[in-house]
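Position 1 is the first residue of the sequence, and the numbers go up from there. Since we're looking at a predicted model, the values are computed, not measured. All values below were derived from every heavy atom in this structure, side-chain atoms included, with hydrogens, water molecules and symmetry-related copies excluded.
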Amino acid sequence: MKVLMTADAVGGVWSYAMTLCASLQSHGVDVTLATLGPRPTAEQARTAAALNNVRLFESDYRLEWMPEGWKDQDAAGQWLLQLADAEAADVVHVNGYSLAALRWRRPTVCVAHSCVSSWWRAVHGVAPSIKWQAYRCGVVAGLNSADQVVAPTQAFLAELKGCYQGGWQGSWSARVIYNGMASDNDAADTGRRRPIVFACGRPWDAAKNMGVLDEAARELPWPVYLAGDLRGPDGSRFASSSLRALGSLPGNEVVSWLRQGSIFVHPALYEPFGLAVAEAAASGCALVLADIPTLRELWDGAAEFFDPRDARELSVAVNALIADPMRRRELGIAARQRAAGYSARAMAGRYCELYKTLIGASQRRLEDGGERFGMAPSSSRSTQAQAVRV
């Protein structure tokens, strides 16, 4: 089986793509990985090159959520259509939205990792401004055109439908496939831990909400370490008064910190899945998480929760765990057990099953004289054209 998969090297989508591609090897799936946005770093390119089933193709086309990114979507689409034909792809896996509306002439999967509208609502409490209308039209076109929409949680799928129900044609075929990780849970030990609190993420991203952790850290007897690049792409810099900032760390160093830390805090206002939380859980940390629907869905019963806009509630929750080593150990064990269900192996198996189902259905449809899957409905194509003109 050959899959054309789009990706970007900016954030979590790259980690997701690498984990999925690596796990698809055992299913005999070859992946043509096409990147948009900033090109992969040398380290990222080496990671892709190490996978025998991956061929990496890079471009400089702007991502759909970037400023005026919609202007690049036509050219990006032409490049991807040609690539799909040249590589004889059996199925297309779009990690995004608008490009799923192309006339692929093969089954198309649209995977929703996040979106501007749901991010804006979670962080600011309102819908994004009219300047995002072109982006919104592209998202709606992709969702309505894909043969299958996939979300990483039921809660995020509900958010997605809530944000775009005005443009939803009711034709979505949607399912949830939990993201997975390839962590070695057996290497974790919930017993020998340093008296530290750990967090990781993009502190410059308002959705990660690290300011509330910075405020809560003033009331904690243990040091709080934060891993993540302090400087945002626009040049802004996160200023911390109480956190011990480690800056951006290689993945192996993050894992080392997770295996040492006693408590992992994730104060995010918006998190469609939260790979960092899953990795902390697999490492045996006691979890203290923002009480948002997606994290509740994944970790209810295996973590302590707090109002992410209340620093006092966060400090109380962490101090209670600091004072109760037995509870910390119980939560660490519960988190590891829950994380075992979010494995890369399970994720790859579900995607492979989906690919096969769509390919088989497309072949049967052709045999019956129907149109091939991946042929965007005319209404969706007109929506995409409208988005380009806005």
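The pair Arg39-Asp60 meets the salt-bridge criterion, with a side-chain N (NZ, NE, NH1 or NH2) lying under 4.0 Å from an Asp/Glu carboxylate O. Under a 4.0 Å N-O distance rule, the pair Glu271/Lys208 qualifies as a salt bridge.
Under the 30°/60° scheme for interplanar angles, the aromatic rings of Tyr61 and Trp79 are found to be tilted. Phe198 and Phe264 have tilted rings, their planes meeting at an angle from 30° to 60° on a 0 to 90° scale. Note on ring orientation: taking the six-membered ring where Trp is involved, the planes of Tyr97 and Tyr164 are tilted (angle from 30° to 60°). Between Trp299 and Tyr342, the ring-plane angle classifies as perpendicular under the 30° and 60° cut-offs. Taking the six-membered ring where the residue is Trp, Trp120 and Trp132 present tilted rings, their angle falling between 30° and 60°.
No side-chain heavy atom of Pro152 sits under 4.5 Å from any side-chain heavy atom of Met347. Inter-residue side-chain proximity for Leu226 and Pro203 is flagged as met; some heavy-atom pair is nearer than 4.5 Å. The shortest distance between side-chain heavy atoms of Asn319 and Pro221 falls below 4.5 Å. Counting only heavy atoms from C-beta outward, the side chains of Glu215 and Leu314 never approach each other to under 4.5 Å. The shortest side-chain heavy-atom distance between Val197 and Val318 falls under the 4.5 Å cut-off. In this structure the side chain of His113 reaches within 4.5 angstrom of the side chain of Val111, judged on heavy atoms. Side-chain contact check for Leu24 versus Tyr355: some heavy-atom pair is nearer than 4.5 Å. Side-chain contact between Leu20 and Tyr16: present, with at least one pair of heavy atoms (C-beta onward) separated by less than 4.5 Å.
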Problem set entry | Working for side-chain contact (heavy atoms from CB on, under 4.5 Å), residues Ser23 and Arg345 | CA-CA 6 Å; Ser23 299; Arg345 182 177 180 179; 5.7 Å; no
* Could you walk me through whether Trp70 and Arg62 pass side-chain contact (heavy atoms from CB on, under 4.5 Å), step by step? => CA-CA 8 Å; Trp70 58 270; Arg62 285 171 291 187; over 6 Å; no
side-chain contact (heavy atoms from CB on, under 4.5 Å) evaluation trace for Asp30 with Glu87: CA-CA 10 Å; Asp30 290 331; Glu87 294 291 301; over 6 Å; no
Stepwise, does the salt bridge (Lys or Arg N to Asp or Glu O under 4.0 Å) test hold for Asp291 with Arg296?
CA-CA 6 Å; Asp291 196 354; Arg296 271 286 181 183; 2.8 Å; yes
- Intermediate values then yes/no, side-chain contact (heavy atoms from CB on, under 4.5 Å), Thr294 and Glu159: CA-CA 10 Å; Thr294 50; Glu159 287 180 23; 4.2 Å; yes
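Judged purely by atom type and a 3.5 angstrom limit, Thr47 uses its side chain to pair as donor or acceptor with the backbone of Glu43. Side-chain atoms of Glu297 come within 3.5 Å of backbone N or O of Gln154 as a donor-acceptor pair. Under the 3.5 Å distance criterion, the side-chain polar atoms of Gln337 are left unmatched by any main-chain donor or acceptor of Ala334. Judged by distance alone, with hydrogens and angles left aside, the side-chain atoms of Asn53 form no donor-acceptor pair with the main-chain N or O of Val31 at under 3.5 Å. Side-chain atoms of Ser362 do not come within 3.5 Å of backbone N or O of Leu358 as any donor-acceptor pair. At distances below 3.5 Å, at least one donor-acceptor pair connects side-chain atoms of Arg328 with backbone N or O atoms of Leu321. Although no hydrogens or angles enter the test, the distance criterion places a donor-acceptor pair under 3.5 Å between the side chain of Asp214 and the main chain of Leu243. Gln44 places a side-chain N or O within donor-acceptor distance of the main-chain N or O of Ala9, the cut-off being under 3.5 Å. No side-chain donor-acceptor contact under 3.5 Å links Arg309 to the backbone of Val212. Glu313 places a side-chain N or O within donor-acceptor distance of the main-chain N or O of Asp307, the cut-off being under 3.5 Å.
Under the 4.5 Å side-chain heavy-atom criterion for Ile, Leu, Val, Met, Phe, Trp and Tyr, Val255 and Leu249 are members of distinct hydrophobic clusters. Residue Val277 is not grouped with residue Leu213 when hydrophobic side chains (ILVMFWY) are merged at heavy-atom distances under 4.5 angstrom, including chains of intermediate members. A continuous path of Ile, Leu, Val, Met, Phe, Trp and Tyr side chains, each step under 4.5 Å between heavy atoms, connects Leu143 with Leu102, placing both in one hydrophobic cluster. Cluster annotation: Val10 and Val94 are assigned to the same hydrophobic cluster (Ile/Leu/Val/Met/Phe/Trp/Tyr, side-chain heavy-atom contacts under 4.5 Å, transitive). Residue Val116 is not grouped with residue Leu269 when hydrophobic side chains (ILVMFWY) are merged at heavy-atom distances under 4.5 angstrom, including chains of intermediate members.
Within the model, atoms CG of Leu287 and CG of Leu298 stand 11.0 Å from one another, a figure rounded to the nearest 0.5 Å. Going from atom CG of Asn95 over to atom OG1 of Thr35 covers 12.0 Å, rounded to the nearest 0.5 Å. Considering SG of Cys285 and CD1 of Ile196, their distance stands at 8.5 Å, rounded to 0.5 Å. Met210 CE to Asp205 CG: the interatomic distance, rounded to the nearest 0.5 Å, is 9.0 Å. Here the OG1 atom belonging to Thr153 is positioned 12.5 Å from the CD1 atom belonging to Ile177, to the nearest 0.5 angstrom. Atom CZ of Arg193 sits about 11.0 Å away from atom CD1 of Ile263, to the nearest 0.5 Å.
When only modelled atom types and interatomic distance are considered, Ser315 and Glu219 share no side-chain donor-acceptor pair under 3.5 Å. One side chain, Ser98 or Gln73, offers a donor N or O that lies under 3.5 Å from an acceptor on the other.
Applying salt bridge (Lys or Arg N to Asp or Glu O under 4.0 Å) to Arg105 and the options Asp147, Asp90, Asp85 leaves one that passes, Asp85.
Every residue two or more places apart in sequence or in another chain that forms a ring pair (Phe, Tyr, Trp, His ring centres under 6.0 Å) with Tyr351 is listed here: His93.
Around atom CZ of Arg121, more than 12 heavy atoms belonging to other residues, nucleotides or ligands sit under 6.0 Å away. For Glu253, the CD atom sits in a packed shell: over 12 heavy atoms of surrounding residues, nucleotides or ligands are nearer than 6.0 Å.
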